[in-house]
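Okay, structure first, notes after.
Numbers for residues simply follow the sequence, beginning at 1.
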Amino acid sequence: MSQKAIVLDEQAIRRALTRIAHEMIEKNKGIEDCVLIGIKTRGIYIANRLAKRIEEIEGAKVAVGEIDITLYRDDLSKKTDNQEPLVKGSNIPIDINDKKVIVIDDVLYTGRTVRAALDALIDLGRPSAIQLGVLVDRGHRELPIRADYVGKNIPTSSSEKIVVELNEIDQTDQVSIFEK
């Protein structure tokens, strides 16, 4: 794979997340009864950044959790040496029943990851609403899933790959397009 272009740098990511935070507050008329749930791995870091921005804007904290969708995937591609799925565990600090759950991920592509997250959430409770926020929407949906909050729409070809790098694990903040 070769890098084709950097489409978001650190400053652009920061601006996109600030805009998403404002949109979440506006759409939900505040943050009361809202919970941000990041999809492992990068979704949790984005959810934490959004929670920080929301707290700066609203002066109140929003609960943040993380969900591991491994067992809900329809491909179970990552396995351990004994051929069992590698489960990292979920951590949702509050009851999601009757809450507005906002699922956060880095890239929306086919929609299969989001479908798996929805299945995992429904096993944990019955939220009053589920919304979706993503840093990048690259198109090519296979399921009828649409994000409520999008940092940037990046139309891609199927021969391209979007790579999101975040300081928390990659020591840099950028979104790039790679040619397969």
Side-chain angles (χ1 to χ4, degrees), residues 7-69 72 88-139 141 143-154 162 164-170 173-175:
V7 290
L8 293 173
D9 60 12
E10 183 174 358
Q11 191 174 12
I13 291 172
R14 187 173 36 258
R15 281 192 305 263
L17 294 179
T18 299
R19 181 176 36 78
I20 289 171
H22 281 282
E23 290 173 1
M24 288 177 176
I25 294 164
E26 186 175 338
K27 181 173 182 165
N28 293 294
K29 296 174 179 61
I31 56 164
E32 190 176 330
D33 292 326
C34 288
V35 181
L36 301 179
I37 304 289
I39 298 175
K40 290 197 173 183
T41 298
R42 284 171 181 78
I44 185 58
Y45 299 115
I46 295 169
N48 284 328
R49 290 183 188 193
L50 286 166
K52 184 178 177 188
R53 294 276 184 339
I54 289 168
E55 184 177 358
E56 290 167 359
I57 297 163
E58 287 289 286
K61 290 184 183 278
V62 62
V64 179
E66 55 190 69
I67 195 156
D68 182 357
I69 60 162
Y72 296 89
K88 298 174 188 157
S90 296
N91 177 18
I92 300 177
I94 65 168
D95 181 9
I96 63 169
N97 285 302
D98 299 318
K99 300 282 191 237
K100 296 175 201 166
V101 173
I102 306 171
V103 176
I104 306 295
D105 204 7
D106 56 350
V107 178
L108 177 56
Y109 182 33
T110 62
R112 294 185 179 278
T113 297
V114 175
R115 185 217 41 90
L118 293 172
D119 289 346
L121 282 171
I122 297 303
D123 278 355
L124 295 173
R126 185 181 170 101
S128 63
I130 300 176
Q131 300 168 14
L132 175 62
V134 296
L135 181 58
V136 174
D137 184 344
R138 64 169 289 189
R141 218 73 76 241
L143 300 172
I145 291 174
R146 178 187 56 82
D148 299 278
Y149 314 100
V150 177
K152 185 163 182 74
N153 286 293
I154 303 174
I162 296 286
V164 174
E165 295 174 282
L166 299 174
N167 271 329
E168 292 88 342
I169 50 177
D170 304 304
D173 268 356
Q174 71 180 23
V175 177

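Within the 4.5 Å cutoff, the side chain of Val103 has no heavy atoms near those of the Val114 side chain. A heavy-atom distance below 4.5 Å is found between the side chains of Leu108 and Leu132. Contact of the Ile130 side chain with the Ile122 side chain is registered, since non-hydrogen atoms from C-beta on lie closer than 4.5 Å. Taking 4.5 Å as the limit, some side-chain heavy atom of Leu135 sits within range of a side-chain heavy atom of Val175. For the pair Ile162/Ile154, a side-chain contact is recorded, criterion being any heavy-atom separation below 4.5 Å from C-beta on. A 4.5 Å side-chain heavy-atom check between Gln174 and Leu8 finds every atom pair outside the cut-off.
Within 6.0 Å of CD on Glu26 lie no more than 12 heavy atoms contributed by other residues, nucleotides or ligands. The environment of Lys27 atom NZ is dense: over 12 non-hydrogen atoms of other residues, nucleotides or ligands sit within 6.0 angstrom.
Here the closest heavy-atom approach between residue Ala47 and residue Leu36 is recorded as O-CD1, 3.5 Å. Heavy-atom minimum distance, Ala117 versus Ile69: CA-CG2, 3.5 Å. Between Ile44 and Gly65, the shortest heavy-atom distance links the atoms CD1-O, 3.3 Å.
Between the side chain of Arg112 and the backbone N or O of Ala116 there is no donor-acceptor pair closer than 3.5 Å. Between the side chain of Arg42 and the backbone N or O of Val164, at least one donor-acceptor pair lies under 3.5 Å.
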Item checked: Verdict with reasoning, Val35 to Val62, per side-chain contact (heavy atoms from CB on, under 4.5 Å) -> CA-CA 6 Å; Val35 181; Val62 62; 5.9 Å; no
Check: Between Ile25 and Ile31, is a side-chain contact (heavy atoms from CB on, under 4.5 Å) present by the stated rule, with each step listed?
Finding: CA-CA 6 Å; Ile25 294 164; Ile31 56 164; 4.0 Å; yes
Margin query: Determine whether Leu166 and Ile46 satisfy the following criterion, side-chain contact (heavy atoms from CB on, under 4.5 Å), listing intermediate values before the conclusion.
Written below: CA-CA 9 Å; Leu166 299 174; Ile46 295 169; 3.9 Å; yes
Next item on the list: Could you walk me through whether Glu168 and Asn48 pass side chain to side chain donor-acceptor pair (under 3.5 Å), step by step?
Entry: CA-CA 11 Å; Glu168 292 88 342; Asn48 284 328; over 6 Å; no
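Between the CE atom in Met24 and the CD1 atom in Ile57 there is a gap of 10.5 Å [rounded to 0.5 Å]. Remark: Asn28 CG to Lys100 NZ distance equals 4.5 Å, nearest 0.5 Å. Rounded to the nearest 0.5 Å, atoms OH (Tyr149) and CD1 (Ile102) are 5.0 Å apart. Summarising the geometry, atom CD belonging to Gln131 is positioned 9.0 Å from atom CD1 belonging to Ile104; distances are rounded to the nearest 0.5 Å. To the nearest 0.5 Å, atoms CG (Leu118) and CD1 (Ile145) are separated by 6.0 Å. Put simply, CD1 on Ile39 and CG on Asp105 are 4.0 Å apart, with the number rounded to the nearest 0.5 Å.
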With a cut-off of 3.5 Å and sequence neighbours excluded, list every side-chain donor-acceptor pair involving residues 11-21.
from  : atom 1 : to     : atom 2 : distance (Å)
Thr18 : OG1    : Arg14  : O      : 3.0
Thr18 : OG1    : Arg53  : NE     : 3.0
Arg19 : NH1    : Glu23  : OE2    : 3.4
Arg19 : NH1    : Val150 : O      : 3.1
Arg19 : NH2    : Gly151 : O      : 2.5

Under 3.5 Å, sequence neighbours excluded: what are the donor-acceptor pairs made by side chains of residues 92-99?
from  : atom 1 : to     : atom 2 : distance (Å)
Asp95 : OD1    : Asn97  : N      : 3.1
Asp95 : OD1    : Asn97  : ND2    : 2.8
Asn97 : OD1    : Arg126 : N      : 2.7

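At least one cation-pi condition fails for Lys40 and Tyr45: the charged atom is not both under 6.0 angstrom from the six-membered ring centre and inside a 45 degree cone around its axis.
Salt bridge Arg49/Asp173: present, at least one basic N to carboxylate O contact under 4.0 Å. Look at Asp33 and Lys29 and you find no salt bridge, because none of the NZ, NE, NH1 or NH2 atoms lies under 4.0 Å from a carboxylate O.
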